[in-house]
Amino acid sequence: MKACVLRAPAAIETNPLEYAEVPMPQPKSGEALVRVRTCGVCRTDLHVIEGELPPRKSPVIPGHQVVGLIEKQGENARRFAVGTRVGIAWLHQTDGTCEYCRSGAENLCDHPLFTGYSVDGGYAEYIVAPEDFVYAIPEGFPDEQAAPLLCAGIIGFRSLRLSGIKAGARLGFYGFGAAAHVAIQVARHWGVEVFACTRDVRHQKLALQLGAAWAGSTCDEPRGALILGGIHMSPIPSLDYDLLYQERVIRSVANNTRKDGEDFLRVAAEIPIRTRVQVFPLAEANRALNALKNDAISGAAVLRIAE
Ligand SMILES: [Zn+2]
Ligand SMILES: [Zn+2]
């Protein structure tokens with residue numbers, strides 16, 4: 001099969017993904033083989049490719065926002081019939097036995113596997129995944145529009161939940177990338193007033209189109225809870241304690257549970273969420289990632305792998 005393979009981490013400007021012929025994966029017991037149609041491009045892919053996240057598998061095929069059709073079921077796999085349209089996200093598998101898994105916090109599992117990082121991902125014609133970690137994709141989303149729901153959407157949704165935001169409250173987005181452009185639609189659906197703080201004029205425009213009350217490049221004295229949705233971030237500068245006093249909160253979001261994914265996909269279909277995407281062919285994954293790094297994507301970048 002054709003895939004985009006990362007042999008060794010390197011700056012995306014050097015186009016490190018090699019469009020190559022590689023062996024097709026085979027589903028093991030409990031796994032499904034999926035024929036990939038689209039795969040979203042996420043900033044975490046960039047952090048994997050550029051080595052900001054230490055390599056877990058090398059070479060590796062990136063990509064963790066996969067939409068495709070069940071091609072074949074492994075032994076003991078029977079959850080999805082052949083031909084069913086499904087999605088595969090970042091959380092590839094957990095041990096199911098650690099303290100976190102047993103307490104409903106599988107996003108913090110002691111022994112997790114991540115799609116497109118510790119196992120091969122969706123920048124490829126085929127991918128395998130444990131069927132218990134595969135999502136049904138609601139009808140009504142074309143393949144391209146569905147792909148960004150699987151990370152940008154799910155992580156944005158978990159971030160919104162962790163912020164504790166309620167109807168009538170005010171929410172600020174810092175930066176307005178793929179996750180924010182989905183989360184704003186959920187927030188507006190919940191009756192939340194949204195402010196978008198981003199330097200990029202195209203991103204400001206998109207925020208206003210999606211219902212932001214205000215979009216601009218300066219933000220004065222934000223107060224409340226600050227939720228950080230990234231897996232890798234630059235260091236956080238020191239701050240005066242009185243900015244944090246009054247029980248304000250800074251917290252991170254680590255991965256997601258399967259329940260986050262299922263809840264989000266249900267809400268996304270109800271609203272319904274409409275993602276804005278820029279589509280690239282699989283062979284041009286390097287170009288898509290360069291564009292993402294240069295803030296040249298409005299909405300989300302998606303690779304089209306098969307019709
Ligand atoms: Zn666990
Ligand atoms: Zn992601």
Side-chain angles (χ1 to χ4, degrees), residues 4 6 12 17 30 36 38-53 56-57 60-67 87-124 127 129-130 132-133 135 144-160 162 175-183 227-233 252-261 264-265 268 273 275 277-278 280 285 288-289 291-293 297 299-303:
C4 282
L6 180 72
I12 196 64
L17 291 177
V36 182
T38 59
C39 185
V41 176
C42 175
R43 195 161 284 272
T44 300
D45 300 339
L46 203 50
H47 297 314
V48 168
I49 291 163
E50 298 199 314
E52 285 156 316
L53 295 174
R56 296 254 182 115
K57 176 184 185 294
V60 69
I61 299 170
H64 58 267
Q65 305 187 85
V66 185
V67 175
I88 298 169
W90 171 248
L91 189 68
H92 189 86
Q93 193 166 26
T94 57
D95 57 17
T97 56
C98 75
E99 195 184 329
Y100 294 112
C101 284
R102 284 186 284 116
S103 65
E106 65 181 0
N107 58 308
L108 303 176
C109 177
D110 284 334
H111 305 100
L113 292 177
F114 297 116
T115 312
Y117 182 38
S118 33
V119 297
D120 283 334
Y123 289 12
I127 182 174
D132 289 346
F133 287 80
Y135 298 91
E144 279 110 348
Q145 273 73 35
L149 300 177
L150 288 156
C151 182
I154 294 173
I155 297 297
F157 184 69
R158 184 173 175 85
S159 305
L160 280 180
L162 292 186
F176 201 80
H181 107 284
V182 178
I227 315 298
L228 304 170
I231 288 177
H232 170 85
M233 285 198 182
S252 73
V253 177
N255 315 310
N256 65 280
T257 64
R258 278 170 282 177
K259 189 173 182 316
D260 291 326
F264 169 67
L265 289 171
I273 297 280
T275 57
V277 299
Q278 267 173 258
F280 298 80
L289 284 148
L292 179 65
K293 188 173 181 177
I297 302 289
V302 171
L303 302 177

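As the structure lists them, so they are numbered: ligands from 1, and atoms in each ligand from 1. Only a predicted model underlies this, so the values are computations on that prediction, with no experimental measurement involved.
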#### Entry: Residue pair His64 / Thr115, side-chain donor-acceptor N/O under 3.5 Å
no
### Message
Ignoring hydrogens and geometry beyond distance, is a side-chain donor-acceptor pair present between Asp45 and Tyr123 at under 3.5 Å?
### Response
yes
### Task
State whether His111 contributes an N/O/S atom found under 2.8 Å from the Zn ion (ligand 1).
no
### Query
Above 12 or not: heavy atoms from other molecules or residues under 6.0 Å from NE2 of His232?
yes
### Summary
Taking the Zn ion (ligand 1) as the apex, Cys101 SG and Cys109 SG span an angle, rounded to 10°, of 110°
#### Entry: Aromatic Tyr135 / basic Arg258 pairing, under 6.0 angstrom, 45° off normal
no
### Message
If I take the Zn ion (ligand 2) as the centre, what angle separates the NE2 atom of His64 from the SG atom of Cys151? Nearest 10 degrees is fine.
### Response
110°
### Summary
Closest to the Zn ion (ligand 1), among the N/O/S atoms of Asp95, is atom OD1
